[in-house]
Structure formats: C-alpha cells, structure tokens
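The structure appears right after this line, and notes come after that.
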Amino acid sequence: MDFDEFTGTVQHRLELAGTGQTLRAIRAALLPLGERLPAGHAEDLAASLPMEIKWYMTGGVHEHGQRFDWPEYLTRVSDISGADRADAAYHARVVVDLVHEVVPESDFQQLRDELPESKEDWGNLFEVVDAGGWHEHS
C-alpha cells in the first residue's frame with residue numbers, strides 16, 4: 001500500500017475533510033506508539049508501511065521504549081491531533097486497524113505482545129481489530 005492509498009483509506013474511514021486532518025490523525029496515533037515501543041519493534045512494525053507513514057514511528061520519535069499506559073497514550077494522541085479524547089481513541093483504533101491490514105501478522109503480534117492488554121488498558125486500542133476489522137465494525 002502506498003502513501004496515497006494509506007492516507008486516502010484513513011480519510012475515508014474517519015470521514016475527515018482533508019489531507020491535513022488525516023495526516024494529523026495518523027501521526028497522532030503512530031508517534032506515541034513509536035515512543036512506547038522499543039526502537040527495533042517500532043522499526044519492525046513500521047517496515048511495511050509507506051515511507052512517509054513509517055517515519056511517524058521511527059524517525060519522528062526522540063525516545064523509544066517509554067513506559068506509559070492507555071490513558072497517557074490517549075492524552076498524547078489528543079494533544080497531537082487536537083481532537084477530544086473520544087475522537088482521539090476512535091481515530092487511533094481505526095489507524096491501528098489499517099496498520100493491522102498492512103503489516104505481517106508476526107509484526108502486529110509483536111505490537112500486541114509489547115502492550116499489556118486488559119479491559120482498562122491497551123486492549124482498548126485493538127477494539128476495531130478484535131471486532132473483525134473496520135468493515136465489520138462500521
């Protein structure tokens with residue numbers, strides 16, 4: 001999947017008005033994930049993404065391997081995107097679902113293994129994936 005297809009898919013699924021909003025939503029979802037993951041895991045996950053999108057998880061990150069929970073992730077996503085926490089959470093879930101469609105299953109599983117999944121924590125990030133993906137969820 002190339003950059004235009006990736007961003008167009010996110011824009012369509014999130015029903016955003018323009019490319020700028022779409023890129024902010026993608027950056028907001030992926031940059032904090034890059035910060036949370038060890039550098040090697042972020043590289044693995046991002047390797048199959050378009051180069052411009054991959055940068056949000058790799059080159060745009062100043063410090064990998066930070067330890068923070070789901071509420072802090074949502075704060076970061078909301079701060080970057082300018083969206084309220086509910087919209088930020090939904091945007092992140094939809095972006096992560098598209099990442100799930102694009103990357104090899106082993107790399108996506110590495111992401112899940114890295115994040116403690118419980119009902120109150122990172123399991124929230126995978127709600128769309130776990131519901132069968134965007135097509136099933138929408």
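Worth saying up front: this structure is predicted, and the values here are computed from it rather than measured. Quick note: residue numbers are just sequence positions, from 1.
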Do Arg93 and Phe126 form a cation-pi contact, if we require the NZ or CZ to be under 6.0 Å from the six-membered ring centre and within 45 degrees of the ring's axis?
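No, Arg93 and Phe126 do not form such a contact.
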
Tyr73 six-ring centre to Arg36 NZ/CZ under 6.0 Å and within 45° of normal
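Here Arg36 fails the 6.0 Å and 45° test against Tyr73.
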
Joint hydrophobic cluster, Ile26 plus Trp55, side-chain heavy atoms closer than 4.5 Å
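Yes, it is one cluster - the side chains of Ile26 and Trp55 are joined through contacts under 4.5 Å.
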
Common cluster, Leu14/Val99, ILVMFWY with side-chain heavy-atom separation under 4.5 Å:
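Result: yes, single cluster for both.
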
Between Glu101 and Arg13, is the closest basic N to carboxylate O distance under 4.0 Å?
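Yes, Arg13 and Glu101 are salt-bridged.
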
Is [Y] close to [X] at the side-chain level, that is, under 4.5 Å between some pair of heavy atoms?
X: Met57; Y: Leu33; answer: yes
X: Glu127; Y: Asp97; answer: no
X: Leu23; Y: Phe3; answer: yes
X: Thr7; Y: Ile53; answer: yes
X: Val10; Y: Val94; answer: no

Side chain [X], main chain [Y], donor-acceptor under 3.5 Å:
X: Ser81; Y: Ala88; value: no
X: Gln109; Y: Glu105; value: no
X: Ser78; Y: Leu74; value: no
X: Asp44; Y: Asp107; value: no

Closest heavy-atom pair and its distance - Leu37, His64
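So the minimum-distance heavy-atom pair works out to O-CB, 3.3 Å.
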
